[in-house]
Amino acid sequence: MKMRAIARGLILALTLSPVMMGTGFAQSGPLRIEVTDGVIEPLPIAVPSFVAENAAAKNLAEEISRVVVSDLVGSGLFREVPREAHIANVTNFDAAVRYADWKAINAQGLVTGAVSVQGKRVIVKFRLFDVFSDKPLGDGLQFAGSTDAWRRMAHKVADAAYSRITGEGPYFDSRVVFVSEAGPKGQRQKRLAVMDYDGANVQYLTDSTSIVLGPRFSPTGDRVLYTSYETGSPRIYALDVASVSRRVLDSQAATLSFSPRFAPDGDTVVFSRSQNGNSDIYTMSVRGGAQKRLTSSPAIDTGPSYSPDGKQIVFESDRSGNQQIYVMPAGGGEPKRISFGAGRYGTPVWSPRGDYIAFTKQNKGRFHIGVMRTDGSEERLLTSSFLDEGPTWAPNGRVIMFMRETSGANGTSSLYSVDLTGRNLKRVPTPLGASDPAWSPLQK
Amino acid sequence: MKNYTKLILVALSLTLAACSNSPLSGGFGGNQNGLDGPGVGDGSADDPTSVAYFMQTIGDRVLFDVDQSTLNDAGRTLLSQQAAWLNSNPAYMVLVEGHADEQGTRAYNLALGDRRATAARAYLVSQGVDASRLSTVTFGKERPLEICSQEACYSQNRRAVIILSGGINS
């Protein structure tokens, strides 16, 4: 298969990388993912400026190709062969590719594209080539949409290239909802905001008159659940992203509710509700109605997250004496503890691929983002800092975003992302401080 | 332990002096329970029925050990004094805020703050304060009072704070 050819190229590049040898691959599992440490030599790709098929497309053609590069290089799996090094000059999208020119500069992958603009509409075409096999990798693709959405089309091109080369699911055409933070630590002003996964196109969804916490997307990405102090104490809300209209889901007196998350059915909401100082896990319909109690221990039970098949819920509880992670059937029932290492474990989140649970771990005064198998085995810590908290999965289950807060009176929160492997730790740009990120599903 | 409490009260008085438009300086979340409502003023600390007296002479907060919501001896002593004062000043309504330090995850700290507020409230009720006068709210780690990242600050942030409203004129 054509796809395999270049995928082999990637694996080859990883295997041959001298830096890999020391800290190298994990003992078992698929080669390209199971890297626990160290630097991998990224796959060299060339992305010449996309061809502008008419005068109106000139700026967008360049900008779109830059975003494609930014996505691919930002994944940590690719590096760009700089344009100054290019020998061939792509001016016609349909002209035959001169593979020798790209081999000569050691580009293993080549992405070409063409952009045309008609009024408010933009059409983007792209092709991917496996340079060392002298072949295209998959068919050419075409995306069309409003010029306002040009970045999404760039992300779709990059997603297609990323998926074909790595065999992983796409994730660039996605958004992140988070809490934008301003002001000193003791009086933080918090607003809900949403942005592209790479920090572009920030939009605010609430003002800062009430503390807001822990937003989570619906499985279709059109709604957000979150916790707000709008009534004076924490309550869960549902917000429609397009209209920014919101409504409280749980307003029973003498209770508080927090930590909401959608079930994969897009209707059921699982959350923590507290009465008389005791937090348990409940479900209800996002449309309202009766609540169902899933846990009844005197412990703090919170942070619930569904498995992608909707059959199980992972959550945290201090029923053993300190915070640990438990899994129970989605309808309630005997929870099974899965975390057994040293320290405290919280904020478990089931990967959209179903294979891992990400969590926050606190141990010896440090915070870590980690992953473990759904039975608690193969625990692996990906980060370490004064305060790392609240992992959220990219739609492909390959990348994790979280918040990092620095210490001291002037400490601030920022968003970071890291690969499932622990590689490619980097800050996600936001205009102000930021916390509680939640990744959307892939956009449709 | 007494000296310790005194230190807090001194710190508290300084906070009050620096914050003249906000007599009830321990409180947060401006839109609840009419902190600026009629009848609430700091009054004079010489007036034993005033909020100022309560704040300065008794104290508005109890502190907790790391990751604990069980009241310690100092906490119970202070709450008993608060209860006695509240029983002599029945016009005041009480909001008990529960807080946590930053060493913990957000949702867990909300629940922990809730436990602390509930523990303080329960103790006040056990000392005869009418339950209908008492409500609770948790702020988790959202509103630290002291903002260094050392135990000196953390110990002040693990707290339950009494916010008074109403009073003799309402």
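In what follows, every chain begins at residue 1, and chains take the letters A, B, ... in the order their sequences are listed.
- For chain A, the nearby part of B/T118 is the side chain; its heavy atoms alone come within less than 4.5 Å.
- Of the residues considered (A/S279, A/S259, A/G408, A/S272), A/G408 shows the highest number of contacts with chain B, using heavy-atom pairs under 4.5 Å.
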Quiz prompt | Test log, rule side chain to side chain contact (heavy atoms under 4.5 Å, CB included), inputs A/E405 and B/S149 | solution = CA-CA 11 Å; A/E405 185 153 345; B/S149 294; over 6 Å; no
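- In this structure A/S384 satisfies the side-chain contact (heavy atoms from CB on, under 4.5 Å) test together with A/R366, A/H368, sequence neighbours excluded.
- Here B/G104 is the residue among B/G104, B/A119, B/A122, B/G98 with the most heavy-atom pairs under 4.5 Å with chain A.
- Other residues, nucleotides and ligands contribute more than 12 heavy atoms inside 6.0 Å of the CG atom of A/D207.
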Exercise. Decide yes or no on side chain to side chain contact (heavy atoms under 4.5 Å, CB included) for A/N278 and B/R115, but give the supporting numbers first.
Key: CA-CA 7 Å; A/N278 176 33; B/R115 270 185 180 168; 5.9 Å; no
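- More than 12 heavy-atom neighbours from other residues, nucleotides or ligands sit within 6.0 angstrom of CZ on B/R76.
- B/N157 does not touch chain A: none of its heavy atoms, backbone or side chain, sits under 4.5 Å away.
- With values rounded to the nearest 0.5 angstrom, A/N276 atom CG is found 9.0 Å from B/D114 atom CG.
- In terms of non-hydrogen atom pairs under 4.5 Å with chain B, the most contact-rich of A/N322, A/I300, A/D318 is A/I300.
- Pairing each heavy atom of A/G186 with each of B/I147, the nearest pair is N-CG2, 3.7 Å.
- Here CD of A/Q323 is found 4.0 Å from OG1 of B/T105. Values are rounded to the nearest 0.5 Å.
- The closest donor-acceptor contact from the side chain of A/Q362 to the backbone of B/Q103 lies under 3.5 Å.
- For B/S126, the side-chain contact (heavy atoms from CB on, under 4.5 Å) partners at least two apart in sequence or on another chain are B/Y123.
- Side-chain atoms of B/R116 do not come within 3.5 Å of backbone N or O of A/G277 as any donor-acceptor pair.
- A cation-pi arrangement is absent between B/R106 and A/F258 under the rule of less than 6.0 angstrom and at most 45 degrees off the ring axis.
- Checked options A/K190, A/Q187, A/R188; the residue passing with B/E142 is A/K190 (criterion: side chain to side chain donor-acceptor pair (under 3.5 Å)).
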Self-check item: Verdict with reasoning, A/I211 to B/F139, per side chain to side chain contact (heavy atoms under 4.5 Å, CB included)
Solution: CA-CA 9 Å; A/I211 298 172; B/F139 285 93; 4.0 Å; yes
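- In this structure, a donor-acceptor pair under 3.5 Å is absent between the side chains of B/E102 and A/S407.
- Ionic pairing of B/K141 and A/E389 is present here: one or more N-O contacts between side-chain nitrogen and carboxylate oxygen are shorter than 4.0 angstrom.
- B/T138 touches chain A through backbone and side chain together, each having a heavy atom under 4.5 Å away.
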